[in-house]
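First the structure, in the form of structure tokens, and then the observations on it.
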Amino acid sequence: MKTANYKFEHVAVPTDKEQPGETYFEELKLYCTDPSKTEYFIEYLRPAPGCTFFPVLLENPHVAYKVDNLEEALKGETVVVPPFAPWPGRMIAFVDVNGLIFELIEDE
């Protein structure tokens with residue numbers, strides 16, 4: 001993974017325990033915390049019954065980086081979750097690098 005121009009964003013950890021400040025996303029049946037509101041930039045992901053979120057992300061922690069160009073950052077990588085827009089102005093994708101999951105984020 002080419003990280004020279006990447007900027008650390010957060011570490012995400014799957015959990016089955018309720019977390020302070022988590023938000024529920026009905027369409028995904030997923031609870032999530034805001035990593036920018038924690039001391040160590042930790043995002044907790046907690047599935048609710050019937051969760052439709054990507055299983056690879058609920059079974060493995062991942063590290064997230066902001067990138068200047070998502071399309072370029074994905075070249076040569078093993079993509080495990082293709083690019084999608086979780087909300088307007090932000091595209092994300094997930095890659096596997098030697099068994100570790102990384103989230104790559106491009107903001108408009």
Side-chain angles (χ1 to χ4, degrees):
M1 193 164 77
K2 335 165 250 313
T3 60
N5 294 321
Y6 294 6
K7 181 180 178 201
F8 174 78
E9 163 105 350
H10 67 266
V11 173
V13 179
T15 186
D16 59 359
K17 295 180 175 46
E18 188 174 334
Q19 300 295 317
E22 62 186 11
T23 300
Y24 183 63
F25 294 93
E26 175 67 37
E27 65 279 5
L28 299 173
K29 298 191 179 356
L30 179 73
Y31 293 91
C32 184
T33 61
D34 182 345
S36 70
K37 294 182 178 178
T38 66
E39 186 176 0
Y40 296 103
F41 300 97
I42 304 296
E43 173 186 68
Y44 290 96
L45 303 173
R46 182 171 66 91
C51 180
T52 59
F53 201 58
F54 301 98
V56 69
L57 304 178
L58 298 175
E59 298 165 0
N60 300 282
H62 67 266
V63 177
Y65 290 96
K66 284 191 176 183
V67 299
D68 293 331
N69 184 308
L70 185 59
E71 185 177 335
E72 285 296 315
L74 294 176
K75 287 183 179 176
E77 299 294 351
T78 302
V79 177
V80 293
V81 176
F84 69 99
W87 51 83
R90 178 169 270 208
M91 288 293 294
I92 65 174
F94 294 83
V95 298
D96 180 317
V97 179
N98 300 320
L100 300 173
I101 305 298
F102 291 88
E103 177 180 2
L104 303 178
I105 304 164
E106 178 184 339
D107 288 328
E108 292 181 345

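Note that this is a predicted model, so its numbers are computed, not measured.
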query: When the ring planes of Tyr65 and Phe8 are compared, do they come out parallel, tilted or perpendicular, using 30° and 60° as the limits?
result: perpendicular
message: Angle between ring planes, His10 versus His62, binned at 30° and 60°: parallel, tilted or perpendicular?
response: perpendicular
Within residues 37-59 or reaching into it, pairs that qualify as salt bridge (Lys or Arg N to Asp or Glu O under 4.0 Å) - sequence neighbours excluded: Glu22-Arg46
task: Report yes if the side chains of Lys17 and Gln19 come closer than 4.5 Å at any heavy-atom pair, otherwise no.
output: yes
field: Side chains of Val95 and Val79 in contact at under 4.5 Å (non-hydrogen atoms)
entry: yes
- prompt: Got a sec, which hydrophobics cluster with Trp87, joining ILVMFWY side chains under 4.5 Å apart, including via others?
  reply: none
statement: Residues at least two apart in sequence or cross-chain that pass side-chain hydrogen bond (donor to acceptor under 3.5 Å, both in side chains) with Asp107, listed by chain then number, are Lys66, Arg90
statement: Those residues at least two apart in sequence (or on a different chain) that pass side-chain contact (heavy atoms from CB on, under 4.5 Å) with Ala93 are Leu70, Leu74, Pro83
- prompt: How far does OG1 of Thr15 sit from CG of Leu58, to the nearest 0.5 angstrom?
  reply: 11.0 Å
field: Interatomic spacing from CG in Asn69 to CG in Leu104 - rounded to 0.5 Å
entry: 11.0 Å
field: Asp68: partners by side-chain contact (heavy atoms from CB on, under 4.5 Å), with sequence neighbours left out
entry: Asn5
- prompt: Listed by chain and number, what are the side-chain contact (heavy atoms from CB on, under 4.5 Å) partners of Ala48, not counting sequence neighbours?
  reply: Tyr24, Lys29, Tyr31
message: I'd like to check Val13 versus Ile42 (side-chain heavy atoms, cut-off strictly below 4.5 Å). Are they in contact?
response: yes
query: Can you check whether Thr23 reaches Cys32 side chain to side chain, under 4.5 Å on heavy atoms?
result: no
- line: Nearest heavy-atom approach of Pro61 to Ile101 is O-CB, 4.0 Å
query: With a 4.5 Å heavy-atom cut-off, do Phe84 and Phe54 have their side chains touching?
result: yes
- prompt: If you measure from CG on Asp34 to OH on Tyr44, what distance do you get to the nearest 0.5 Å?
  reply: 13.5 Å
query: How far does CD of Glu27 sit from CZ of Phe53, to the nearest 0.5 angstrom?
result: 10.5 Å
- prompt: Should Phe94 and Met91 be regarded as members of a common hydrophobic cluster, given that ILVMFWY residues are connected when their side-chain heavy atoms come within less than 4.5 Å of each other, either directly or indirectly?
  reply: no
- request: Considering non-hydrogen atoms only, spot the tightest contact between Leu45 and Pro47 and give its length.
  value: O-CD, 4.0 Å
- prompt: Would you say Phe102 and Phe41 are hydrophobically clustered, going by side-chain heavy atoms of ILVMFWY under 4.5 Å?
  reply: yes
Crowding at CD, Glu108 (>12 non-hydrogen neighbours, <6.0 Å): no
message: Quick check: is Val81 connected to Leu30 through a chain of hydrophobic side chains (ILVMFWY, heavy atoms under 4.5 Å apart)?
response: yes
- prompt: Hey, quick one: are Val67 and Val80 part of the same hydrophobic cluster, counting side-chain heavy atoms closer than 4.5 Å, chains of contacts allowed?
  reply: no
